[in-house]
K.L.:
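Structure in structure tokens, see below.
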Amino acid sequence: QVQLVESGGGLVQAGGSLRLSCAASGRTFSNYAMGWFRQGPGKEREFVAAINWGGSGTSYADSVKGRFTISRDNAKNTMYLQMNSLKPEDTAVYYCTIARGRNIATRAEGMDYWGKGTLVTVSS
């Protein structure tokens, strides 16, 4: 069965950086697009970033564009989210997801499996 395990969350001051990782197993990782979503306190889950199966195509939410970078290493079955210039409003649980196909999906309905999430807290 498919497993997605996030790591790298923590507490950071505003302006700082964190790198999230998502280790995938149970599916041929390189055949599927993947993505990150987040859910802040009292907020609905929202799209953050997505990457296609080969890593040549990416998509970002406007709120993180220019600050976050999504990438993947298919040889290691791992996806990453480099987060720079963090803001308090980036505080959320970040979820790794795997899509149903090779192309980028930005809606939760387009995702097949979800990790349990990793908490990112940005202090002001």
Side-chain angles (χ1 to χ4, degrees):
Q1 68 217 48
V2 175
Q3 274 197 315
L4 300 172
V5 181
E6 303 95 336
S7 61
L11 174 64
V12 63
Q13 288 190 331
S17 298
L18 281 175
R19 189 194 196 202
L20 305 184
S21 298
C22 172
S25 62
R27 176 175 276 193
T28 305
F29 180 78
S30 59
N31 285 350
Y32 298 91
M34 297 190 70
W36 292 95
F37 285 69
R38 68 185 182 187
Q39 186 166 14
K43 298 180 181 179
E44 293 189 352
R45 191 172 296 192
E46 64 175 357
F47 167 75
V48 176
I51 189 166
N52 70 355
W53 64 281
S56 61
T58 58
S59 179
Y60 296 92
D62 287 343
S63 58
V64 307
K65 206 171 289 184
R67 300 188 298 122
F68 290 11
T69 302
I70 189 171
S71 62
R72 65 191 295 165
D73 185 339
N74 286 345
K76 296 182 178 179
N77 284 3
T78 303
M79 177 179 65
Y80 306 97
L81 185 68
Q82 177 67 44
M83 305 186 296
N84 299 329
S85 302
L86 282 161
K87 305 175 181 180
E89 51 264 44
D90 294 318
T91 294
V93 176
Y94 284 72
Y95 296 92
C96 167
T97 70
I98 190 164
R100 295 196 174 100
R102 291 191 166 199
N103 296 323
I104 286 172
T106 61
R107 297 170 60 89
E109 295 79 8
M111 299 303 179
D112 229 0
Y113 294 93
W114 297 77
K116 294 183 178 180
T118 185
L119 177 62
V120 172
T121 304
V122 184
S123 63
S124 56

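The basis for the numbers below is simple: all heavy atoms, side chains too, and nothing from hydrogens, waters or symmetry mates.
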K.L.:
Decide side chain to side chain contact (heavy atoms under 4.5 Å, CB included) for Asp112 and Val2; before the verdict, give the C-alpha distance in whole Å, the side-chain angles of both, and the deciding distance to 0.1 Å.
P.N.:
CA-CA 10 Å; Asp112 229 0; Val2 175; over 6 Å; no

K.L.:
I'd like to check Met83 versus Leu20 (side-chain heavy atoms, cut-off strictly below 4.5 Å). Are they in contact?
P.N.:
yes

K.L.:
Work out which heavy atom in Ile104 is nearest to a heavy atom in Asn52; give both atom names and the distance.
P.N.:
CG1-N, 3.6 Å

K.L.:
CG of Leu119 to CG of Leu11: how many Å apart, nearest 0.5 Å?
P.N.:
9.0 Å

K.L.:
Hey, could you give me the OG1/OH distance between Thr106 and Tyr60, rounded to the nearest 0.5 Å?
P.N.:
14.0 Å

K.L.:
With distance as the sole test, does Arg72 use its side chain to make a donor-acceptor pair with the main-chain N or O of Gly55 at under 3.5 Å?
P.N.:
no

K.L.:
Rounded to the nearest 0.5 Å, what separation is found between the CZ atom of Arg102 and the OG atom of Ser30?
P.N.:
7.5 Å

K.L.:
With the side chain counted from C-beta on, respond yes when Met79 and Ile51 share a heavy-atom pair under 4.5 Å apart, and no when they do not.
P.N.:
yes

K.L.:
Determine which pairs satisfy disulfide (SG to SG under 2.5 Å) with at least one residue from residues 73-124, sequence neighbours left out, and list them in order.
P.N.:
Cys22-Cys96

K.L.:
Taking the side chain as everything from C-beta on, heavy atoms only, tell me whether Met34 gets closer than 4.5 Å to Phe29.
P.N.:
yes

K.L.:
Any donor and acceptor pair, going by atom type alone, linking the side chain of Gln82 with main-chain N or O of Arg19 inside 3.5 Å?
P.N.:
no

K.L.:
For the atom pair CG (Leu86) and CD (Gln13), what is the distance rounded to the nearest 0.5 Å?
P.N.:
11.5 Å

K.L.:
Work out which heavy atom in Ala105 is nearest to a heavy atom in Ala99; give both atom names and the distance.
P.N.:
CB-CB, 4.4 Å

K.L.:
Are Ile98 and Phe47 grouped together when hydrophobic residues (ILVMFWY) are joined by side-chain heavy atoms under 4.5 angstrom apart?
P.N.:
no

K.L.:
Between Phe68 and Trp36, is the ring centroid distance below 6.0 Å?
P.N.:
no

K.L.:
Pick one: which of Thr97, Asp90, Leu81, Ile70 meets side-chain contact (heavy atoms from CB on, under 4.5 Å) with Val48?
P.N.:
Leu81

K.L.:
Can you tell me if Glu89 has over 12 outside heavy atoms packed within less than 6.0 Å of its CD?
P.N.:
yes

K.L.:
For a quick test of reading the model, state the closest non-hydrogen atom pair linking Gly115 to Tyr95 and the distance between them.
P.N.:
O-CD2, 3.5 Å

K.L.:
Considering only heavy atoms from C-beta outward, does the side chain of Tyr32 approach that of Trp53 to under 4.5 Å?
P.N.:
no

K.L.:
Crowded around Gln1 CD? As in, over 12 foreign heavy atoms under 6.0 Å?
P.N.:
no

K.L.:
Salt bridge between Glu46 and Arg38, side-chain N to carboxylate O under 4.0 Å?
P.N.:
yes

K.L.:
Starting at OH of Tyr94, measure out to CZ of Arg45 and round the result to the nearest 0.5 Å.
P.N.:
13.0 Å

K.L.:
Compare every heavy atom of Thr118 with every heavy atom of Gly9, then report the nearest pair and how far apart it is.
P.N.:
N-OG1, 3.2 Å

K.L.:
What are the two closest non-hydrogen atoms of Leu4 and Ala24, and how far apart are they?
P.N.:
CD2-CB, 3.6 Å

